[in-house]
Amino acid sequence: QVRLVESGGGLVQAGGSLRLSCAASGVTFSSYTMGWFRQAPGKEREFVAAISRTGLKTYYGDSVKGRFTISKDNAKNTVYLQMNSLEPEDTAVYYCAAHIRTFYRETDYYRFESYDNRGQGTPVTVSS
């Protein structure tokens, strides 16, 4: 069973930056595809970013392209989400998710239900 623990969330002003981390334990991290999702109050969960097992492929939601960067450090069992140029619309709880092996359909990267394991979330609040 994968245990995922997110950290790095908090309060930031619009235009600022945050880096979220998700540490995984109990697994061979290099075997896992990783994703970030978010859910704002009163809204549906939204795909943010995903990265392949090797780290060679990355995917982003349209609303964060060019501002967020996902990366993976297999040696540290950690996936990161660097968030720049934050906007009040980025306010949400951010969830890390992990799936063993590779997704063979690109659409699976974008679906929260495709991932076997999910973290508890870390809140991000962007003030205007």
Colleague: Can you confirm whether Y60 sits close enough to I70 that some side-chain heavy atom of one is under 4.5 Å from a side-chain heavy atom of the other?
Modeller: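 Sidechains of I70 and Y60: in contact.
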Colleague: Are L20 and M83 packed together at the side-chain level, in the sense that at least one heavy-atom pair is separated by less than 4.5 angstrom?
Modeller: yes
Colleague: Report yes or no: do S17 and R67 form a side-chain donor-acceptor pair below 3.5 Å?
Modeller: no
Colleague: What pair of heavy atoms forms the shortest contact from S128 to A14, and how long is it?
Modeller: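 Taking S128 first and A14 second, the nearest heavy atoms are CA-CB, 4.3 Å.
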Colleague: Does a donor on one side chain sit under 3.5 Å from an acceptor on the other, for T102 and R53?
Modeller: yes
Colleague: Could you check if a side-chain atom of F112 sits within less than 4.5 angstrom of a side-chain atom of R118, using non-hydrogen atoms only?
Modeller: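 Yes, their side chains come closer than 4.5 Å.
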Colleague: Among residues at least two apart in sequence or on other chains, which ones pass side-chain hydrogen bond (donor to acceptor under 3.5 Å, both in side chains) with K43?
Modeller: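 Not a single residue meets the side-chain hydrogen bond (donor to acceptor under 3.5 Å, both in side chains) criterion with K43.
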Colleague: Would you mind reporting whether H99 and S31 have side-chain heavy atoms less than 4.5 Å apart?
Modeller: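 The answer is no; the side chains never approach within 4.5 Å.
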Colleague: Please confirm whether the backbone N or O of G9 pairs with a side-chain atom of T122, one donor and one acceptor, at under 3.5 Å?
Modeller: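 Here the side-chain-to-backbone pair exists.
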Colleague: If you measure from OG1 on T69 to CG on N84, what distance do you get to the nearest 0.5 Å?
Modeller: 6.5 Å
Colleague: Could you tell me whether the side chain of T33 reaches within less than 4.5 Å of the side chain of Y109, counting heavy atoms only?
Modeller: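 Sidechains of T33 and Y109: in contact.
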Colleague: With a 3.5 Å cut-off and no angle check, do the side chains of S63 and E46 form a donor-acceptor pair?
Modeller: yes
Colleague: Going by heavy atoms in the side chains, are I51 and V79 under 4.5 Å from each other?
Modeller: yes
Colleague: Working to the nearest 0.5 angstrom, can you tell me the gap between F68 CZ and L86 CG?
Modeller: 5.0 Å
Colleague: Are the aromatic rings of F103 and Y59 close, with centres under 6.0 Å apart?
Modeller: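 Distance test on ring centres: not under 6.0 Å, no.
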Colleague: Please tell me if the side chains of Y32 and N117 come closer than 4.5 Å, counting only heavy atoms from C-beta onward.
Modeller: yes
Colleague: Do Y95 and Q39 have side chains that get closer than 4.5 Å, going by heavy atoms?
Modeller: yes
Colleague: Can you measure from CZ (F47) to CZ (R45) and round to the nearest 0.5 angstrom?
Modeller: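 Result: 13.5 Å between the selected atoms.
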Colleague: Same hydrophobic cluster for L18 and L11, using side-chain heavy-atom links shorter than 4.5 Å among ILVMFWY?
Modeller: no
Colleague: Using a cut-off of 6.0 Å, state whether more than 12 heavy atoms not belonging to E113 lie near its atom CD.
Modeller: yes
Colleague: Looking at residues at least two apart in the chain, or sitting in another chain, which of them share a side-chain hydrogen bond (donor to acceptor under 3.5 Å, both in side chains) with R101?
Modeller: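 Scan of R101 (side-chain hydrogen bond (donor to acceptor under 3.5 Å, both in side chains), adjacent residues dropped) gives none.
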Colleague: Supply the atom-to-atom distance M34 CE to N74 CG, rounded to the nearest 0.5 angstrom.
Modeller: 10.0 Å
Colleague: Taking atom types as modelled, find out whether R19 and Y80 have a side-chain donor-acceptor pair closer than 3.5 angstrom.
Modeller: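 The criterion, which ignores hydrogens and geometry beyond distance, is not satisfied for Y80 and R19.
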Colleague: Using every non-hydrogen atom in the two residues, find where L4 and C96 come nearest and quote the distance to one decimal.
Modeller: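 The answer is CD1-O, 3.8 Å.
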Colleague: In Å, rounded to the nearest 0.5 Å, how long is the span from OG of S71 to CG of L81?
Modeller: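 Answer rounded to 0.5 Å: 8.5 Å.
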Colleague: With a 4.5 Å cut-off on side-chain heavy-atom distances among I, L, V, M, F, W and Y, is there a chain of contacts connecting V64 to W36?
Modeller: yes
Colleague: Hey, what do you get for SG (C22) to CG (N77), rounding to the nearest 0.5 Å?
Modeller: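 Interatomic distance, C22 SG to N77 CG, rounded to 0.5 Å: 10.0 Å.
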